[in-house]
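In what follows, chains carry the letters A, B, and so on, assigned in the order in which the sequence lines appear, proteins first and then strands, with residues in each chain numbered from 1.
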There are 2 protein chains.
Amino acid sequence: MTNSDRTTSTEASAAAAPGKEHGREPGRGPGRGPGKRERLVAAAAQMLHQQGVEATTLADIAKAAGIPLGNVYYYFKTKADIIAAVIEAHAAAIGSMLGGIQAGQADPAARLKALFATLAGENEMVARYGCPHGTLCQELAKHADGAGAPDASPLVRIPIDWAERQFAAMGRADARDLAIQVIAAYQGAALLTSALRDPAVLERESRRMAAWIDSLR
Amino acid sequence: MTNSDRTTSTEASAAAAPGKEHGREPGRGPGRGPGKRERLVAAAAQMLHQQGVEATTLADIAKAAGIPLGNVYYYFKTKADIIAAVIEAHAAAIGSMLGGIQAGQADPAARLKALFATLAGENEMVARYGCPHGTLCQELAKHADGAGAPDASPLVRIPIDWAERQFAAMGRADARDLAIQVIAAYQGAALLTSALRDPAVLERESRRMAAWIDSLR
DNA sequence: GTCTATAGCCAGATAGAC
DNA sequence: GTCTATCTGGCTATAGAC
């Protein structure tokens, strides 16, 4: 899916904060600096999304985070480790977005529609760079042979599982299939939206899915 | 979509033919050797699909085609040129696959179902590496700024346009939306199938779409 | 903990013999 | 047309001063 409204840890804040971050207040023990690691992960998430995994260099990430290249290796041993941290941050953001929807809506159909309403706010970004989660999954899935590449599949598995629970709560015996169908529809629309550079594709598909969910009650 | 049955120019034949290809028979004029360019494009299509654009090196392609690295530059000036040639080969293969369906089936709904029947033969490959066309679109769309990256959007636009004509022939006023919906559903299912490494996802979605097309008549 | 400098490797691209 | 050898630059990762 995508980073939600409360996406502090992934994309929204990445480009900002170019300061050098010296002179942090003491009292937090010999920790790893005030949010430098977080800034690196946020910058990495944005660069990976906009440029793709292979095209993004550690120098790109360090520069976007306002941190010298060599210092990156104090926080992450390899590039694969940074990617894994980005995946974890995305997974956490997805979980908290879904948790927020869950807390705010009692009706499962309303929850599913709330998900698409949230995603609708990112259509322009998706039209330019694709869904941050879907594209990451697709790129990493090719290299999942043996070693190296982290597993990004939770980024689609978490929303599928959540949607399945909603459909099950609606009394659908085919909840799993419906969940896969709805997440696939979103991912496919996101792909076409970015391939065709047309946010209207995703808008129309999202509206259609909302109507479809209503038709299931 | 994918390369069809008659995919000689794209993926199926790539890994074969490691010979050095000296001693070609004369009589074809000062052409560029018997199919060396074609072999390069076929090898490139396979490597781009399996490894992704950025991870694939010209040395990979040359090796897969059984051609020395330096010779690649006799046929293609840059890596971007090879990618463009791969896109053209894919587009040609898609066109000829759809043309074959068009010629073999008169009923538009039957044609649409024939498309999914053809695609069904590649589910295992898609589960491992994703849809060759969709993943290429997604990777190249990120870098479409200004210069460099060729445009892969015909790879989704051609099937959408074709599906639109079929839905229009079925008398549907919303033919364009239905076409986008059906291609998006396939692409999304392909993405989930490769992310989850489960060909059954694509199988189920394809069956569901075939039933859905029948329901439209 | 932070940062500069650089090692070591491998990519895309070129030169030029055959 | 074909192929070997190589240039140049940029990448990941490390060494080691501060």
Side-chain angles (χ1 to χ4, degrees), chain A residues 17-40 43-44 47-48 51-86 143 147-150, chain B residues 17-41 43-44 47-48 51-86 139 143 147-150:
Chain A
K20 276 302 167 76
E21 192 68 67
H22 270 298
R24 55 188 249 258
E25 62 263 15
R28 294 187 55 198
R32 273 152 138 145
K36 261 187 192 169
R37 200 192 125 103
E38 285 73 14
R39 255 164 50 209
L40 273 172
M47 300 300 291
L48 291 180
Q51 301 192 328
V53 173
E54 301 284 340
T56 296
T57 70
L58 295 173
D60 289 334
I61 295 170
K63 189 177 169 191
I67 285 166
L69 172 59
N71 201 1
V72 171
Y73 287 91
Y74 178 75
Y75 294 94
F76 301 98
K77 218 164 54 166
T78 65
K79 185 179 176 181
D81 284 346
I82 301 190
I83 296 171
V86 167
H143 306 127
Chain B
K20 275 303 166 77
E21 192 67 66
H22 270 297
R24 56 189 250 257
E25 64 265 12
R28 293 187 56 197
R32 272 148 140 147
K36 259 185 194 171
R37 198 191 127 106
E38 286 71 14
R39 255 163 52 206
L40 273 172
V41 173
M47 301 300 291
L48 292 181
Q51 302 192 330
V53 174
E54 301 285 339
T56 297
T57 70
L58 294 174
D60 289 334
I61 295 170
K63 189 177 171 192
I67 285 167
L69 172 59
N71 202 0
V72 170
Y73 288 91
Y74 177 75
Y75 295 94
F76 302 99
K77 217 163 56 166
T78 64
K79 184 178 177 182
D81 284 346
I82 301 190
I83 296 171
V86 168
E139 290 178 69
H143 306 126

Inset, instruction - Could you tell me the separation between the CD atom of A:Glu54 and the P atom of C:dA11, rounded to a whole number of Å? - result: 11 Å
Legend entry - Rounded distance (Å) that lies between atom C1' of D:dT12 and atom CG of A:Asn71: 16 Å
Legend entry - Non-hydrogen side-chain atoms of A:Leu40 and A:Val72 separated by less than 4.5 Å: yes
Legend entry - Whole-Å gap separating P (D:dC11) and CG (A:Asp60): 7 Å
Inset, instruction - Under the side chain to side chain donor-acceptor pair (under 3.5 Å) rule, collect the residues that match up with A:Thr57, sequence neighbours excluded. - result: A:Asp60
Inset, instruction - Specify the separation, in whole Å, of atom CD of B:Gln51 and atom P of C:dA11. - result: 10 Å
Legend entry - Side chain of B:Thr57 (C-beta onward), nearest among C:dG12, D:dC3, C:dT2: C:dG12
Legend entry - Protein-nucleotide distance (A:Met47, atom CE; D:dC11, atom C1'), rounded to Å: 14 Å
Inset, instruction - Could you tell me the separation between the OH atom of A:Tyr74 and the C1' atom of C:dT4, rounded to a whole number of Å? - result: 18 Å
Inset, instruction - Sugar-phosphate atoms are those with a prime plus P, OP1 and OP2; base atoms are the rest. Using that split, label each nucleotide of nucleotides 13-18 of chain C B, S or - for protein heavy atoms under 4.0 Å, 5' to 3'. - result: BB----
Legend entry - Contacts of A:Asn71 that satisfy side-chain contact (heavy atoms from CB on, under 4.5 Å) - sequence neighbours left out: A:Lys36, A:Ile67, A:Pro68, A:Tyr74, A:Tyr75
Legend entry - Separation of A:Thr56 OG1 from A:Glu54 CD (nearest 0.5 Å): 9.5 Å
Inset, instruction - Would you kindly give the CZ-to-P distance between A:Phe76 and D:dT14, to the nearest whole Å? - result: 15 Å
Legend entry - Side chain of A:Lys36 (C-beta onward), nearest among C:dG12, C:dC3, D:dT2: C:dC3
Inset, instruction - Measure the CE-CD1 distance between B:Met47 and B:Ile61 for me, rounded to the nearest 0.5 Å. - result: 7.5 Å
Legend entry - Test log, rule side chain to side chain contact (heavy atoms under 4.5 Å, CB included), inputs A:Leu48 and A:Ile83: CA-CA 8 Å; A:Leu48 291 180; A:Ile83 296 171; 4.2 Å; yes
Legend entry - Rounded distance in Å - OH (A:Tyr75) to P (D:dA13): 18 Å
